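Positions are given from 1 along the sequence. On a predicted model such as this, the values are computed, not experimentally measured, just so you know. Order of appearance sets the numbers: ligands from 1, and atoms from 1 within every ligand.
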Amino acid sequence: MKIAVCVRRTPSTETKIGIGGDGRSIDPSGVSYILNPYDEFAIEEAVRTKEAHGGEVVAITVDGADASKDIKKALAMGVDTAIRIDPPADADSAAIAGALAEALRDVGPDIVFCGKMAVDEQDFQVPLRVATMLEMPAVTFVTKFEVNDGTARATAETELGQTVYESPLPVLVAVEKGINEPRKTGIKDIMAAKKKPLDERAAPAIAAKVAVTKLELPPEKQGGKIVGEGVDAVPELLRLLREEAKAL
Ligand SMILES: Cc1cc2nc3c(=O)[nH]c(=O)nc-3n(C[C@H](O)[C@H](O)[C@H](O)COP(=O)(O)OP(=O)(O)OC[C@H]3O[C@@H](n4cnc5c(N)ncnc54)[C@H](O)[C@@H]3O)c2cc1C
């Protein structure tokens, strides 16, 4: 079985984000990155599917050369090969999805795993755009996945409960938190990852249609307010939550 997983890095939650001089991108200096947490679930599911059915897993990222070290984490988790594609000059969701779709056409996967979203930009667009470009069925928010006799069965969580879908292969699956517990990697896995193939490709000529014109940080959080101590403070706390914060 050929399995692909689309992964991207994202600034670590411990990194202090600043706005770059152009006012429309983040200042990359001092930013440390981690793999997008939803993509770790996608990698784990891809590797588990390979372990159950045989085959190989390829991880694909559209990002600059710095991201090569981040995609090695996917290789350490059990992915077999990786492709890094330089991003198109202006990389909106359609351009990113276009670059991924182009590479995926070469791979010819039976299953494409994605995260449900990237935690920084939270666009939710890439997986469905890729599936549309590849004319593949897609299931999103997946918390349980299995393949039997060439049919994929995916369970999606919604606020109303669970929906169970069946789809022929090939299929794109965007995974939700809780689908699995991503494996920990050790020195041996990291060393093994260094020997696995990483194919680095030039940016495809795909033009973006949506441009970022301005980026602003959220307003500084206001300091906390101490309304009293012990149970005596509860009525005032409730009043403030109701009347000021409008949280009740
Ligand atoms: C290197 C780079 C340059 C960018 N430059 C611009 C720019 O010039 N103008 C602009 O408007 N925006 C730019 N962006 C932001 C970009 O448009 C968003 O990242 C994109 O719209 C996707 O949104 P998202 O990251 O929220 O992904 P979502 O759609 O929320 O991601 C869902 C899933 O799709 C997959 N995925 C998403 N992005 C990638 C990727 N890059 N590679 C592999 N898989 C992926 C992952 O599985 C992810 O979990 C850039 C992003 C990157 C990574």
Side-chain angles (χ1 to χ4, degrees), residues 3-11 17 19-20 22-28 31 33-47 57-71 73-75 77 79 82-104 107 109 111-134 136 138-142 145 171-177 179-180 182 198-216:
I3 302 162
V5 56
C6 300
V7 303
R8 127 163 175 29
R9 62 187 184 155
T10 176
I17 301 290
I19 307 292
D22 63 1
R24 55 184 207 104
S25 60
I26 65 167
D27 177 0
V31 175
Y33 289 90
I34 54 167
L35 271 185
N36 178 37
Y38 290 101
D39 298 352
E40 284 204 29
F41 296 122
I43 294 164
E44 179 64 32
E45 205 57 28
V47 174
V57 183
V58 54
I60 310 181
T61 194
V62 181
D63 205 339
D66 282 359
S68 294
K69 62 180 185 324
D70 299 288
I71 203 172
K73 167 113 194 246
L75 294 169
M77 286 175 71
V79 165
I83 302 171
R84 184 190 62 76
I85 307 158
D86 273 330
D90 286 309
D92 66 357
S93 289
I96 299 254
L100 288 169
E102 204 173 290
L104 285 164
V107 173
I111 308 168
V112 180
F113 286 101
C114 291
K116 77 162 181 187
M117 67 165 186
V119 293
D120 52 354
E121 310 263 351
Q122 303 186 3
D123 250 13
F124 287 90
Q125 292 195 29
V126 169
L128 291 178
R129 284 182 177 276
V130 168
T132 305
M133 287 169 182
L134 297 177
M136 236 181 225
V139 192
T140 54
F141 296 92
V142 171
F145 180 77
V171 64
L172 183 143
V173 179
V175 305
E176 169 65 291
K177 183 178 175 183
I179 188 167
N180 56 44
L198 170 62
D199 173 3
E200 307 204 272
R201 300 185 184 177
I206 304 175
K209 294 201 173 76
V210 177
V212 176
T213 55
K214 192 175 175 194
L215 207 55
E216 268 183 37

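- Note: an N/O pair closer than 3.5 Å links D39 and ligand 1 by distance alone.
- Between F141 and F124, the ring-plane angle classifies as parallel under the 30° and 60° cut-offs.
- Neither the backbone nor the side chain of V5 has a heavy atom within less than 4.0 Å of ligand 1.
- Side-chain atoms of D39 come within 3.5 Å of backbone atoms of R8 as a donor-acceptor pair (strictly under, hydrogens ignored).
- Remark: ligand 1 and G64 share no N or O pair separated by less than 3.5 Å (distance only, no angle test).
- For ligand 1, one of its N or O atoms has an N or O atom of S93 under 3.5 Å away.
- Within the 4.0 Å heavy-atom criterion, neither part of D120 lies near ligand 1.
- Residue V126 touches ligand 1 through backbone and side chain together, judged by heavy-atom distances below 4.0 Å.
- Under 4.0 angstrom from ligand 1, the non-hydrogen atoms of F124 all belong to its backbone.
- At a heavy-atom distance under 4.0 Å, atoms from both the backbone and the side chain of C114 approach ligand 1.
- In I96, the part holding a heavy atom less than 4.0 Å from any atom of ligand 1 is the side chain.
- Residue contact annotation: A42 has no non-hydrogen atom under 4.0 Å from ligand 1.
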